[in-house]
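Sharing a structure, written as structure tokens. Questions coming.
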Amino acid sequence: MSGIIMVEKPIHDYTGFVNTDTESVHSNDSQREDNQKQTISVDSFSEDDISPNVIEILKRPLSTYITVCFNCILIGFGGFMMGWDIGTIGGFIAQPDFKRRFGSTTKEGEHYLSKVRTGLLVSIFNIGCAIGSVTLGRLGDIYGRRLGLIMATTIFVVGVVIEIASIDKWYQYFIGRIIAGVGMGVIAILSPMLISEVSPKEVRGGMVSCFQMMITLGIFLGDCTEYGSKEYSNSAQWRVGLGLQFAWSLCMVAGMLFVPESPIYLVEKGKIEEAKRSVAISNKLNADDPAVISEVEEIQSAVEKKRAEGEAGWNDLFETHNKIFQRVIIGIMLMALQQLSGANYFFYYGTTIFKSVGLEDGFVAAIIFGVINFFATFLSIYLIDKFGRRTCLLWGAAGMVCCMVIFASVGVTRLWPKGKNAGIISKGAGNCMIVFSCFFILCFGTSWAPVPFVFIAESFPSKIKSKGMALAIVSNQIWTFCIGFFTPFITGSINFYYGYVFLGCLVFAWFYVFFFVPETKGLHLEEVNIMWEEGTLPWKSASWVPPSQRDADYDVSTMTNDDTPAWKNILGKR
């Protein structure tokens with residue numbers, strides 16, 4: 001097809017050709033959605049003529065993304081399996097049959113789990129996750145994200161088989177949890193990675209949050225299962241919860257047969273036509289749509305650049321000229337601070353905590369937590385793309401600080417009016433602590449629960465993505481292990497003063513996010529990389545404009561320099 005084609009069409013309805021005039025091409029989102037009519041000319045249009053900066057898939061109504069949302073929920077089902085483990089293990093250690101089989105016996109004949117054994121059985125799963133993420137995280141690069149997730153699920157199932165076959169040897173159950181954790185460590189990398197790579201940029205944050213939402217759903221249903229099985233008097237108290245993991249694993253494997261493969265992986269393997277179909281499925285377009293071809297060509301450019309630089313090694317994570325090392329550190333810190341917020345203190349030991357504040361059936365408290373956590377994370381799917389990653393982290397940290405101050409202070413000063421040894425509990429103080437712990441979970445679920453996963457999924461260039469995400473997951477799992485293992489000892493010594501430890505971490509988290517974590521809302525993954533390489537200041541990053549949308553007056557230097565005192569930036573003053 002040759003010659004000049006003149007088309008008159010409202011630009012906000014047009015997802016294909018755009019004006020070749022530089023100013024029209026480099027317009028921002030609001031300009032692209034104007035109802036002003038444009039004249040569009042195309043001469044001898046072909047794939048080779050497409051520039052990634054010229055043709056872009058425009059933002060459309062949310063109803064357009066129902067298919068990709070469903071696909072992301074299927075991919076995020078690995079998070080459900082992780083949440084199920086969190087929700088059930090807290091109930092297992094409180095079940096009489098579990099204590100009888102894997103615990104010790106007092107002189108009076110009472111069965112119990114020692115603090116060391118409790119900590120190990122709860123948290124060794126996280127050490128397995130750390131091992132799996134480092135050693136097997138590249139399965140997705142070698143075999144594809146989908147096949148990598150199937151392989152990881154298989155490893156997880158092997159661990160569950162060992163656990164459920166345990167009769168009275170606690171170390172057999174212990175080994176099973178390590179192996180199951182290895183599989184889950186790979187899933188924790190590949191699920192957010194695949195979601196971020198198949199999601200349109202307008203909804204990418206919310207879609208990656210599906211992984212965390214599925215974790216919360218798993219926690220809730222796991223808690224419900226333990227509540228329902230506590231009436232049994234045999235191993236059904238814990239084997240029912242374990243046995244259902246087989247069903248969830250089958251759902252995970254089946255889901256991988258229906259979701260699209262990562263277009264980045266497909267381009268890396270030279271499967272260009274399949275990459276086009278993957279992008280087209282995610283955006284509900286035809287595979288030969290110019291915007292789809294343009295996005296695939298953009299991925300090709302990034303892949304070619306990656307190949308020119310050579311195979312990435314672990315030493316590449318220390319590069320500073322393109323801000324790789326800075327991103328690795330921030331990923332590690334965010335995933336660590338997610339755990340140091342104190343959320344898993346409630347999730348793992350909620351049953352025990354609320355018995356200590358006067359709630360007789362701690363399983364009920366765990367279910368309440370599960371409902372709030374799921375609702376909050378479901379809400380975050382909207383909030384993250386509406387207000388941005390950075391904003392959610394800052395407000396979430398501030399809200400959790402307020403809740404933790406009240407929770408810890410009431411626990412220390414009001415819970416035992418006549419001293420702990422007297423054994424008299426103030427019901428009003430206990431109710432107050434329950435209420436503010438629920439508010440804490442609400443703040444956590446809308447911010448720090450999903451956002452760190454979003455950050456690590458979209459901040460690393462593809463060359464080192466699996467390695468960068470692996471280190472972040474290792475950080476997360478090591479701190480999860482520390483919280484799970486040491487909490488029984490710490491609470492036994494200082495009780496609710498423990499809340500002040502988390503309070504200090506939350507205050508630090510707020511300042512860390514303000515000064516080091518940039519906003520990545522609404523950007524292509526390649527644009528996120530450009531923003532990092534330009535050295536944009538985090539507190540100015542929300543105003544950063546991609547090169548394809550800049551006008552002649554845009555000054556990059558204003559985004560990388562700031563003479564305003566830090567305290568004025570914190571208070572929003574200029």
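One is the number of the first residue; the rest follow in order along the sequence. FYI, side chains are in, hydrogens and waters are out, and symmetry mates aren't considered; it's all heavy atoms of this structure.
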Testing the basics here: between Met404 and Ser341, what is the closest heavy-atom pair and its distance to 0.1 Å?
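Taking Met404 first and Ser341 second, the nearest heavy atoms are CE-O, 3.9 Å.
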
Check against side chain to side chain donor-acceptor pair (under 3.5 Å), Glu261 and Ser278
CA-CA 6 Å; Glu261 180 58 272; Ser278 177; over 6 Å; no

Indicate the ring-plane relationship of Phe387 and Tyr382, choosing parallel, tilted or perpendicular according to the 30° and 60° boundaries.
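Taking Tyr382 first and then Phe387, their aromatic rings stand perpendicular (interplane angle over 60°).
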
Has the side chain of Ser541 got a donor or acceptor atom that lies under 3.5 Å from a matching backbone atom of Pro538?
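The answer is yes, because a donor-acceptor pair under 3.5 Å joins these two groups.
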
Between Thr154 and Ile150, is there a donor-acceptor pair closer than 3.5 Å when you use the side chain of the first and the backbone of the second?
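Such a contact is found between Thr154 side chain and Ile150 backbone.
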
What distance do Trp248 atom CH2 and Phe80 atom CZ have between them, rounded to the nearest 0.5 Å?
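Answer rounded to 0.5 Å: 4.5 Å.
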
Closer than 3.5 angstrom, by distance alone: can the side chain of Thr520 be matched with the main-chain N or O of Val528 as a donor-acceptor pair?
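Absent.
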
So that I can tick it off, tell me whether Glu273 and Lys276 are bridged by a salt bridge, with the cut-off set at under 4.0 angstrom between side-chain N and carboxylate O.
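Counted as a salt bridge, because a side-chain N and a carboxylate O are separated by less than 4.0 Å.
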
How are the rings of Phe511 and Phe515 set to each other: parallel, tilted or perpendicular (split at 30° and 60°)?
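Phe511 vs Phe515 ring planes: parallel.
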
Is it true that a side-chain atom of Ser191 and a backbone atom of Gly76 form a donor plus acceptor pair closer than 3.5 Å?
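No; judged by distance alone, with no hydrogens or angles, the pair does not exist.
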
Using every non-hydrogen atom in the two residues, find where Gly137 and Ser466 come nearest and quote the distance to one decimal.
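Taking Gly137 first and Ser466 second, the nearest heavy atoms are O-CB, 4.1 Å.
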
Check for a donor-acceptor pair, side chain of Arg327 on one end and backbone N or O of Asn322 on the other, with a separation under 3.5 Å.
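Side chain of Arg327 to backbone of Asn322, a donor-acceptor pair under 3.5 Å: yes, one is there.
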
Does Met256 offer a backbone N or O that forms a donor-acceptor pair with the side chain of Arg146 under 3.5 Å?
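Confirmed, Arg146 side chain pairs with Met256 backbone.
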
Please name the residue in the list Glu458, Glu268, Glu197 that meets the salt bridge (Lys or Arg N to Asp or Glu O under 4.0 Å) test with Lys465.
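By the salt bridge (Lys or Arg N to Asp or Glu O under 4.0 Å) criterion, Lys465 pairs with just one of Glu458, Glu268, Glu197: Glu197.
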
Identify the two heavy atoms, one from Trp448 and one from Pro452, that lie closest to each other, and give their separation to 0.1 Å.
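It is O-CD, 3.1 Å.
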
Verify, without hydrogens or angle tests, whether Lys521 (side chain) and Ile384 (backbone) share a donor-acceptor contact under 3.5 angstrom.
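Checking the backbone N and O of Ile384 against the side chain of Lys521, no donor-acceptor pair under 3.5 Å is found.
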
State whether Phe514 and Arg390 meet the cation-pi test: NZ (Lys) or CZ (Arg) under 6.0 Å from the six-membered ring centroid, and within 45° of the perpendicular axis.
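Pair Arg390/Phe514 counts as cation-pi.
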
Starting at CD1 of Ile86, measure out to CE of Met81 and round the result to the nearest 0.5 Å.
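The distance works out to 12.5 Å.
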
Looking at residues at least two apart in the chain, or sitting in another chain, which of them share a ring-ring contact (aromatic ring centres under 6.0 Å, His included) with Tyr500?
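Tyr500 satisfies ring-ring contact (aromatic ring centres under 6.0 Å, His included) with no other residue.
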
Measure the spacing between OG of Ser301 and CD of Glu298 and express it to the nearest 0.5 Å.
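Rounded to the nearest 0.5 Å, the OG-CD separation comes out at 7.5 Å.
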
Under 3.5 Å, which donor-acceptor pairs do the side chains of residues 206-218 form with other protein atoms, sequence neighbours left out?
from   : atom 1 : to     : atom 2 : distance (Å)
Ser209 : OG     : Gly205 : O      : 2.9
Thr216 : OG1    : Met213 : O      : 2.5

